[in-house]
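Only one structure is covered here, and it is reproduced in the block below.
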Amino acid sequence: MSPSADSGASAPRLSVVIPLYNCLPLTQAIAAALPSTLPRGLAWEAILVDDGSSDGTREWLDTLRPPFQAVRNERNLGYAGANNRGAARARGELLALINNDLVLAPGWLEPMLAAHAALGARAGLVGNVQLDARTGRLDHAGIRVNHQGKPEHDRRPVPAWERLLRPVRPVPALTGACFLVSARLWSELGGFDEGYVNGCEDVDLCFRAAAAGRINAVALRSRVGHRISASPGRKDRDEANTHRLAQRWRETLVRAGSRAWARHYLGCHLAEPRDFPDPELARQAALYLLGLRPVPAGARAGIQVALEVELERWRSLGNP
C-alpha cells in the first residue's frame, strides 16, 4: 500500500473503478502498477468489479487488501453494468474509470486532475491521450464525429504547440477506457446506460454531459498505453450499439459532424471542381470553416442522408 492510500478511516478524494472480465494477467499488472503511478499525498481507493470471470480472477480477488476492494457480480452485467456497480460503491469526490488493459506510468493522472480543475463547474468527462501498447501509435486524442455522422477516435498527431499552450482540448466525446469525472456529475447523469452492451456507453454519457451544459475534454499532457479491446467479446454488439446511439443522438451527431462534412466537401470540390455543380455550397462550406457563417444547410442535409442510409441498413438487419 502506498503512503497516500486511503485506509478506510476517511473518504478518499479519488475512487478508481476497474471492470474485469477474465484477462487475469492484465488485472494483476495494473493492480501492481497503480499505487506507484498516483500522485503522492492523494487519498484514493480502487474498486475492482469482476463481471463473471472464469480464469481465476475471482479467486485472486480474495488476496486484495485496502485500498483495493473487490465487487463480484453474480452474473455478467456487461461493461456499463460493471462500471455502474463499482461506482455505486465509490466514496471519492472524483471517479477515475479505467480499463484493466491500460499500461500506466507515473504522471498519467496529474494532467487530468489539472484539466478537471481548470474547467471547474463546467467540467464534464476528462480523458487523455492513449497509445496502442503494441505499436506505440496514437490511438486516441478524443472522439470526433466524421462527415458521415459517425463517432471515431481522433488519431491525428497532437502538435507540440497545442500540448504546450493549450493542453486541455474540448471534444464531443472520449473513450471510456480512461476518464475522470466528478462523483456528483456521474450521479446526476445516472452513470452508463446499460442498454448499450460493451460499446457506445462512453459516447452516450459524454453527449448527456454536454446536453447538461458540461465540457468534455482531453488532457493532452496525460498519456497511457492501451492494449486495445483485450477483453473477450468486446466487439460482438457493435452494430446494435451504434444503431442505438444514432437513433438517440441523431441531431447531436449532425451538429458535431458539420465541420468534418464541410472540410470533406470543400476538399473534394477543390480536387475536382467539375464534379460539384454547386459552387455556392463550396463557398458556404469555406465561410463556415472560417467562422463567417452558420452551418450550411447542405452540411446538415448531407449528414442526415448518411445517417438515414445507416439506419435503413440497421433496420434491414432486424434492428427496431
Side-chain angles (χ1 to χ4, degrees), residues 6 12-21 23 26-27 30-31 33-34 37-38 42 44-51 67-71 73 77-104 108-113 115-116 119 123-130 139-140 142-143 153 171 173-194 196-210 214 216-219 222-231 234 241:
D6 183 76
R13 180 163 186 246
L14 179 75
S15 295
V16 182
V17 178
I18 310 176
L20 312 174
Y21 181 58
C23 301
L26 298 182
T27 302
I30 200 166
L34 183 64
T37 68
L38 295 176
L42 176 70
W44 61 277
E45 64 180 2
I47 302 166
L48 281 64
V49 185
D50 182 69
D51 204 24
F68 292 93
Q69 60 177 289
V71 176
N73 292 341
L77 301 179
Y79 181 77
N83 274 294
N84 286 348
R85 190 169 184 198
R89 289 277 293 270
R91 298 177 298 137
E93 167 193 349
L94 296 171
L95 306 178
L97 275 68
I98 66 175
N99 285 5
N100 68 337
D101 56 3
L102 297 184
V103 180
L104 303 178
W108 71 272
L109 182 62
E110 288 90 329
M112 298 174 72
L113 292 171
H116 193 275
L119 292 170
L125 279 67
V126 174
N128 60 3
V129 174
Q130 298 177 15
D139 179 67
H140 173 273
I143 290 177
H153 280 209
V171 293
L174 48 90
T175 178
C178 181
F179 71 88
L180 190 71
V181 65
S182 74
R184 175 176 292 183
L185 179 60
W186 174 270
S187 178
E188 289 174 358
L189 297 176
F192 283 134
D193 178 351
E194 297 182 23
Y196 297 96
V197 182
N198 303 333
C200 293
E201 306 96 333
D202 43 13
V203 178
D204 176 85
L205 184 65
C206 286
F207 285 174
R208 284 187 278 134
R214 302 303 186 101
N216 302 307
V218 168
S222 169
R223 292 191 170 198
V224 297
H226 189 194
R227 299 179 179 94
I228 301 163
S229 300
S231 295
R234 168 64 180 81
N241 292 326

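All values below come from the heavy atoms of this structure, side chains included, with hydrogens, waters and symmetry mates left out. In this chain, residues are counted from 1 in sequence order.
Between atom OH of residue Tyr79 and atom CG of residue Asn99 there is a gap of 4.5 Å, rounded to the nearest 0.5 Å. One distance of note links CG of Leu48 with CD1 of Ile18; it measures 4.5 Å at 0.5 Å rounding. If you take CG on Asp139 and CD1 on Ile228, they are separated by 3.5 Å, rounding to the nearest 0.5 Å. With values rounded to the nearest 0.5 angstrom, Glu188 atom CD is found 7.0 Å from Ser182 atom OG. A distance of 8.0 Å separates CD of Glu110 from CG of Leu38, quoted to the nearest 0.5 Å. A distance of 5.5 Å separates CG in Asn100 from CG in Leu20, rounded to the nearest 0.5 Å.
Under a 3.5 Å cut-off, the side chain of Arg208 and the backbone N or O of Gly191 do form a donor-acceptor pair. With Asn198 contributing its side chain and Gly78 its backbone, the two residues share no donor-acceptor pair below 3.5 Å.
Under the rule for a salt bridge (Lys or Arg N to Asp or Glu O under 4.0 Å), Arg223 has no partner lying at least two apart in sequence or in another chain. A search for ring pair (Phe, Tyr, Trp, His ring centres under 6.0 Å) contacts involving Trp108 returns nothing, not counting sequence neighbours. Under the ring pair (Phe, Tyr, Trp, His ring centres under 6.0 Å) criterion, His116 pairs with no residue at all, not counting sequence neighbours. For Arg184, the side chain to side chain donor-acceptor pair (under 3.5 Å) test picks out no residue, with sequence neighbours left out. Under the side chain to side chain donor-acceptor pair (under 3.5 Å) criterion, Thr175 pairs with no residue, sequence neighbours left out. Every residue two or more places apart in sequence or in another chain that forms a side chain to side chain donor-acceptor pair (under 3.5 Å) with Asp193 is listed here: Arg244, Arg248. In terms of the salt bridge (Lys or Arg N to Asp or Glu O under 4.0 Å) criterion, Glu194 has no residue partners (sequence neighbours excluded). Ala115 meets the side chain to side chain contact (heavy atoms under 4.5 Å, CB included) test with Val126, Val168, Ala219; sequence neighbours excluded. When the side chain to side chain contact (heavy atoms under 4.5 Å, CB included) test is applied to Ala31, the partners found at least two apart in sequence or on another chain are Trp60, Phe68. Listed by chain and number, the residues in a ring pair (Phe, Tyr, Trp, His ring centres under 6.0 Å) with Tyr196 amount to none (sequence neighbours excluded). Applying the side chain to side chain contact (heavy atoms under 4.5 Å, CB included) test to Ala82 and every residue at least two apart in sequence or in another chain returns Pro19, Val49, Asp51, Asn73. Listed by chain and number, the residues in a side chain to side chain donor-acceptor pair (under 3.5 Å) with Ser187 amount to none (sequence neighbours excluded).
The shortest non-hydrogen separation linking Ile47 to Gly86 is CD1-O, 3.5 Å. The two atoms that bring Ala70 and Arg89 nearest to each other are O-NH2, 4.0 Å, heavy atoms only. The two atoms that bring Arg227 and Leu102 nearest to each other are NH1-O, 3.8 Å, heavy atoms only. Here the shortest heavy-atom pairing between Gln130 and Cys178 reads NE2-CB, 3.6 Å. When every heavy atom of Asn216 is checked against every heavy atom of Ala209, the shortest pair comes out as OD1-CB, 3.8 Å. In plain terms, the two heavy atoms of Leu174 and Ala217 that are nearest each other are CD2-O, 3.2 Å.
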Discussion item. Between Leu125 and Trp186, is the side chain to side chain contact (heavy atoms under 4.5 Å, CB included) condition met? List the steps.
Written reply: CA-CA 9 Å; Leu125 279 67; Trp186 174 270; over 6 Å; no

Practice prompt. Show the numbers, then the answer: is there a side chain to side chain contact (heavy atoms under 4.5 Å, CB included) between Val171 and Ile143?
Written response: CA-CA 7 Å; Val171 293; Ile143 290 177; over 6 Å; no

Item to complete: Decide yes or no on side chain to side chain contact (heavy atoms under 4.5 Å, CB included) for Leu97 and Phe192, but give the supporting numbers first.
Response: CA-CA 11 Å; Leu97 275 68; Phe192 283 134; 3.8 Å; yes

Worksheet entry | Chi angles and distances behind the side chain to side chain contact (heavy atoms under 4.5 Å, CB included) call for Leu42, Leu109 | CA-CA 11 Å; Leu42 176 70; Leu109 182 62; 3.8 Å; yes

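Between His226 and His140 there is no side-chain heavy-atom pair separated by less than 4.5 Å. Val181 is not listed as a side-chain neighbour of Leu189, based on a closest heavy-atom distance of 4.5 Å or more. In this structure, Asp50 and Thr27 have side chains that are not in contact, with every pair of non-hydrogen atoms separated by 4.5 Å or more. For the pair Phe179/Asp202, no side-chain contact is recorded, criterion being any heavy-atom separation below 4.5 Å from C-beta on. Annotation: side chain of Leu180 is in contact with side chain of Leu113 (closest heavy-atom distance under 4.5 Å).
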